[in-house]
Amino acid sequence: MADFDYDLFVIGGGSGGVRAARVAAGETGARVGLAEESRYGGTCVIRGCVPKKLMVFASAYGDMPETARAYGWNIAGDGFDWLRFRTRLHAELDRLEGVYRRILGNSGVTTYDTRATVVDAHTVRLASGETLTAKHILVATGGRPVRPELPNAHLGLVSDDIFNLGTLPRSILIVGGGYIACEFACILHGLGVKVTQFYRGAQILRGFDDEARGLIAESMRDRGIALHTGTNIVEMTAQNPDNAAPGSPVRVTATTGHTEDFDAVLFATGRTPNTDGLGLEQAGVKLGRGGEVVVDDYSQTAVPSIYAIGDVTNRVNLTPVAIREGMAFVETVFKGNPTPVDHDLIPSAVFTQPELGTVGLTEEAAAEQEPIEVYCTSFKPMQSAFAGHDERVLMKLVVSKATRRILGCHIVAPEAGEMIQLAGIAVKMGATKEDFDRTVAVHPTMSEEIVTMRHPTRSA
Ligand code: NDP
């Protein structure tokens, strides 16, 4: 057998790559190397989930003085200090990056702070020119945001840029209707930025439950976000031709014919897998039409010694899924226990205000599949209703008529992400509507409604 430098070489130090590297090294004694060209922690820790969620928290305080006053407190809101927040944010990201580095070191993983590319089935080349051999190579290089094909698109920001802004713009145009567009629309609005959002389709959050999408869109508009559906940019130009850097003020003409000036534009128009120039195709790895690495159920590519996990495979682009894929890879390759990745019934949340928590099929997809009953309620929750706010929450169960199993659960409410994690366990276990019914309500809560809906709202 050939003598390799490593048993495993991981390219990419994000959630999936770090997990696979440290478990392979720490639990199986494998000799593991890992290369990361940017910062350890990847998209989730450095420019995604973590800083985004901290910004969600920051933005939620905007409403609090007014709500607190309704509850009898004498509180004045003195405005938001972006730089004070940003300093703390970056300190936290530095801390987390340190944790990731230490975890790798403590597990015995050798790290290379540089770019690595694939030479062949068992060889990687570092940017320094050094080549290293490995019995297995794991590609975990993630993805990156893309700007649309549009003249002057370089003037727009992408989500990576938001966490490093020198100042918050007074006004921003956000383009897109997916997770990132909707989350940043709510975050920036909450921080005091005048937000306009263009989405080219008829309703934001395509792929999610229609009723949930409708309520979130309505809540965003009620909060003051100028959400325009069926709208896109026709033309964008720098307001000042001498300042044409990304994030500089722009003049935008929309498909509606309307022209408006914005301090900045943010493109949240999707992400693309990081496979450019990695040498994968030359090594025999197959890429899909979007540049994603094509893998089987075990994350194995067309080259048997090369595997790929996480966003670079464009399966379900969520951190916990990349981590699962990394664990399944180690189980399969280093523990002799072939483990396919289970991508069914993944709970997830969109951190809009209010949040969306979801697991399973939408009403629309379930109705295509089989006869269903829908149990749905929408109401003003006690905490905000007391303060005089009109915002509504939504609780919805999609039930199979034949098996009574819950096919989908959709919650639009404050903390819906926390709720759906727990509902997700029941749904994953195959709970029926009757299992929900015989669970006693926790009173008074918002989520008790999920076990007290007695009569179907409709059948399909
Ligand atoms: P999405 O693919 O979800 O959304 C992209 C949006 O941009 C869509 O609304 C799309 O419209 C629109 N769009 C695409 N191209 C253009 C164009 N040329 N002009 C105008 N609009 C365009 O990507 P995101 O970047 O929002 O998120 C990427 C992934 O990251 C998500 O799918 C998710 O897996 C993950 N993520 C998860 C989060 C969470 O769990 N909370 C948070 C953030 C990201 P259309 O619908 O018509 O295609």
Side-chain angles (χ1 to χ4, degrees), residues 14-16 42-57 142-153 156-163 173-187 196-208 210 212-213 216-217 220 227-236 252 254-256 265-274 290-292 310-325 343 346-359 411-412 415-418 420-421 424:
S15 305
T43 297
C44 171
V45 175
I46 303 298
R47 58 194 89 85
C49 321
V50 171
K52 180 276 303 288
K53 189 78 190 276
L54 290 167
M55 286 185 76
V56 169
F57 291 140
R144 63 179 189 284
V146 283
R147 293 177 172 82
E149 306 249 332
L150 179 78
N152 292 329
L157 301 165
V158 291
S159 56
D160 293 0
D161 303 319
I162 295 290
F163 312 111
L173 169 65
I174 299 181
V175 183
Y179 282 80
I180 296 181
C182 296
E183 290 182 344
F184 275 114
C186 293
I187 290 169
T196 303
Q197 184 178 352
F198 286 178
Y199 174 52
R200 62 184 178 181
Q203 184 57 285
I204 56 168
L205 295 171
R206 183 163 61 82
F208 291 93
D210 276 356
R213 299 162 74 191
I216 291 172
M220 287 170 66
L227 170 60
H228 301 277
T229 51
T231 307
N232 212 339
I233 295 182
V234 176
E235 193 177 292
M236 62 188 280
V252 169
T255 44
T256 55
V265 169
L266 168 65
F267 287 116
T269 45
R271 297 175 61 85
T272 193
N274 279 330
E292 74 280 9
D311 288 8
V312 76
T313 64
N314 198 19
R315 286 176 281 181
V316 180
N317 297 337
L318 299 171
T319 293
V321 175
I323 290 173
R324 287 289 171 112
E325 290 167 356
H343 288 113
I346 296 171
S348 72
V350 185
F351 293 98
T352 40
Q353 290 163 358
E355 287 176 19
L356 167 62
T358 181
V359 62
I411 301 176
V412 179
E415 307 294 345
E418 303 289 346
I420 206 70
Q421 178 68 83

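If you read the sequence from its start, that first residue is 1, and numbering goes on from there. Whatever order the structure lists ligands and atoms in, that order sets their numbers, starting from 1. Excluded from the calculations below are hydrogen atoms, water molecules and symmetry mates; all remaining heavy atoms, backbone and side chain alike, are included. Computed from a predicted structure; not experimentally measured.
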Considering heavy atoms of the protein only, find what lies nearest to [atom] and give residue, atom and distance to 0.1 Å.
atom                    : result
atom 48 (O) of ligand 1 : Arg206 NH2, 2.8 Å
atom 46 (O) of ligand 1 : Tyr199 OH, 2.6 Å
atom 47 (O) of ligand 1 : Arg200 NE, 2.9 Å
atom 20 (C) of ligand 1 : Asn232 ND2, 3.3 Å
atom 42 (C) of ligand 1 : Glu183 OE1, 3.3 Å

**OP:** Check whether more than 12 heavy atoms from other residues, nucleotides or ligands sit under 6.0 Å from atom CZ of Arg315, and answer yes or no.
**Re:** yes
Give the atom numbers and elements of ligand 1 that come within less than 4.0 Å of a heavy atom of [X].
X      : answer
Asn317 : 33 (C), 34 (O), 35 (C)
Gly177 : 6 (C), 8 (C), 9 (O)
Ala268 : 5 (C), 6 (C), 7 (O)
Lys52  : 41 (N), 42 (C)

Quick test of your reading of the structure: of [options], whose heavy atom lies closest to [atom]?
atom                    : options                : result
atom 23 (O) of ligand 1 : Gly178, Gly270, Pro148 : Gly270
atom 14 (C) of ligand 1 : Ile204, Thr269, Ile174 : Thr269
atom 32 (O) of ligand 1 : Phe184, Phe208, Tyr179 : Tyr179
atom 43 (C) of ligand 1 : Leu205, Thr352, Ile180 : Ile180

**OP:** Measure the OG1-CZ distance between Thr269 and Arg147 for me, rounded to the nearest 0.5 Å.
**Re:** 9.0 Å
Is the shortest heavy-atom distance from the side chain of [X] to the side chain of [Y] under 4.5 Å?
X      : Y      : answer
Phe267 : Pro145 : no
Val321 : His343 : yes
His228 : Thr256 : no
Arg213 : Arg206 : yes

Original post:
So is Ala349 close enough to ligand 1, meaning a heavy atom under 4.0 angstrom away?
Top reply: yes
Original post:
Hey, does Ser348 sit under 4.0 Å from ligand 1 if you only count heavy atoms?
Top reply: no
For [X] and [Y], indicate whether the former's side chain and the latter's backbone hold a donor-acceptor pair under 3.5 Å.
X      : Y      : result
Thr255 : Asn232 : yes
Glu355 : Gly417 : yes
Thr231 : Thr229 : yes

Subject >> Name of the residue among Thr196, Leu150, Ile233 meeting side chain to side chain contact (heavy atoms under 4.5 Å, CB included) with Val175 >> reply: Ile233
Original post:
Would one find an N or O of Phe351, backbone or side chain, under 3.5 Å from an N or O of ligand 1?
Top reply: no
Original post:
Looking only at N/O atoms, are Arg271 and ligand 1 under 3.5 Å apart anywhere?
Top reply: no
Original post:
Does the gap between the ring centers of Phe208 and Tyr179 come in under 6.0 Å?
Top reply: yes
